[in-house]
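Remarks on the structure that follows.
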Amino acid sequence: MEKPTMTPRLDYFKAAPEAMKAMLALEMASRQLSIPLALRELVKMRVSQINGCAFCLDMHAPEARAAGISQQKLDVLAAWRESPAFDARERAALAWAEALTRLEASGAPQGDYDALAAQFSAVECVELTLVVNTINAWNRFAVGFRALHPERTEGDGR
């Protein structure tokens with residue numbers, strides 16, 4: 001079977017370094033929040049799945065594992081609602097991330113917000129929303145401009 005060919009459209013870092021400097025500043029700020037790293041990575045993985053961003057999935061899978069997310073959780077993440085592997089906080093965060101990522105279809109329903117507010121403080125709700133928005137922005141750069149992830153072999157440690 002022939003491999004599909006993806007051709008990058010442009011290097012957005014080279015094309016607009018000042019714009020990307022702003023994105024990197026947002027990314028760095030999102031890493032300083034009180035939301036635990038493992039939960040941030042879990043949300044980044046789910047949003048990237050929804051957006052079909054192979055570049056970000058490739059980047060965040062090893063980071064998620066390094067943050068302590070089990071391989072089982074990563075394996076069933078696309079079907080988290082049907083899996084007992086996720087706790088109440090993770091479920092609330094994932095539902096909120098999905099609602100915001102699919103905003104045109106969801107309208108950010110009250111039930112998802114209520115579940116979020118039951119598990120997170122007001123500060124954490126805002127911080128989690130920033131994490132969701134940041135990864136959505138990265139996905140749109142990577143998918144829109146066809147960023148390619150490197151091909152890896154099984155033995156390369158990632």
Side-chain angles (χ1 to χ4, degrees), residues 6 12-13 19-150 152 154 156-158:
M6 294 281 296
Y12 40 93
F13 280 93
M20 298 318 298
K21 188 188 292 185
M23 272 303 301
L24 288 170
L26 178 61
E27 176 64 31
M28 296 312 292
S30 76
R31 293 179 185 190
Q32 304 304 314
L33 304 175
S34 67
I35 300 296
L37 176 60
L39 186 57
R40 290 194 318 258
E41 291 299 327
L42 194 65
V43 164
K44 289 176 180 183
M45 288 291 295
R46 182 63 190 129
V47 169
S48 297
Q49 285 177 338
I50 293 167
N51 289 327
C53 187
F55 183 89
C56 293
L57 287 166
D58 181 69
M59 176 188 299
H60 289 288
E63 292 177 4
R65 286 189 296 272
I69 297 174
S70 71
Q71 187 61 51
Q72 181 187 35
K73 280 187 181 180
L74 292 176
D75 291 344
V76 299
L77 182 57
W80 66 267
R81 292 177 194 273
E82 288 77 39
S83 173
F86 301 91
D87 65 28
R89 278 176 60 90
E90 291 167 332
R91 289 178 176 283
L94 289 168
W96 187 242
E98 286 185 4
L100 293 181
T101 300
R102 296 176 169 146
L103 197 55
E104 83 294 341
S106 78
Q110 190 64 42
D112 288 344
Y113 177 77
D114 291 344
L116 182 76
Q119 295 295 324
F120 295 92
S121 70
V123 169
E124 290 172 319
C125 288
V126 172
E127 289 181 350
L128 188 60
T129 300
L130 180 67
V131 171
V132 171
N133 281 300
T134 303
I135 191 59
N136 267 294
W138 282 120
N139 290 168
R140 280 149 178 76
F141 278 105
V143 172
F145 295 120
R146 303 292 192 258
L148 300 178
H149 66 82
R152 304 191 194 288
E154 290 299 315
D156 72 2
R158 286 194 56 154

Within 6.0 Å of CZ in Phe86, more than 12 heavy atoms from elsewhere: yes
Test applied, side-chain contact (heavy atoms from CB on, under 4.5 Å); reference residue, Ser48; option that passes from Thr101, Asp58, Leu57: Leu57
Under 3.5 Å: donor-acceptor pair, side chain of Arg91, backbone of Trp80: yes
Exercise: identify the closest heavy-atom pair between Met45 and Ala64: CG-CB, 4.3 Å
Leu42 CG to Leu37 CG distance, which is reported to the nearest 0.5 Å: 11.0 Å
Approximate separation, where rounding is to 0.5 Å, of Leu77 CG and Ile69 CD1: 8.0 Å
Spatial distance of atom CZ (Arg46) from atom CG (Asn51) [nearest 0.5 Å]: 9.5 Å
For the student: nearest non-hydrogen atoms of Leu74 and Ala61, plus distance: CD1-O, 4.0 Å
For Tyr12 against Ala142, the heavy-atom pair lying closest together: OH-CA, 3.6 Å
Considering all heavy atoms, the nearest Thr129-Trp96 contact: OG1-NE1, 2.9 Å
Residue pair Ser106 / Glu98, side-chain donor-acceptor N/O under 3.5 Å: no
Derivation of the side chain to side chain contact (heavy atoms under 4.5 Å, CB included) call for Leu24 and Phe13: CA-CA 10 Å; Leu24 288 170; Phe13 280 93; 3.8 Å; yes
Ser30 side, atom OG; Ile35 side, atom CD1 - distance, nearest 0.5 Å: 11.0 Å
Distance-minimising heavy-atom pair for Gln119 and Ala88: NE2-CB, 3.6 Å
Atom CD of Gln72 with >12 non-hydrogen neighbours under 6.0 angstrom: no
Closest non-hydrogen atom pair, Phe141 against Met23: CE1-CG, 3.6 Å
With His60, the side-chain hydrogen bond (donor to acceptor under 3.5 Å, both in side chains) member among Glu41, Lys44, Arg65, Arg40: Glu41
CD on Glu27 to CG on Leu130, rounded to 0.5 Å: 9.5 Å
Gap between atom CD1 of Ile135 and atom CD1 of Ile50 - 0.5 Å precision: 11.5 Å
Lys73 bridged to Glu90 by N-O distance under 4.0 Å: yes
Heavy-atom side-chain proximity of Val123 to Leu33 below 4.5 angstrom: no
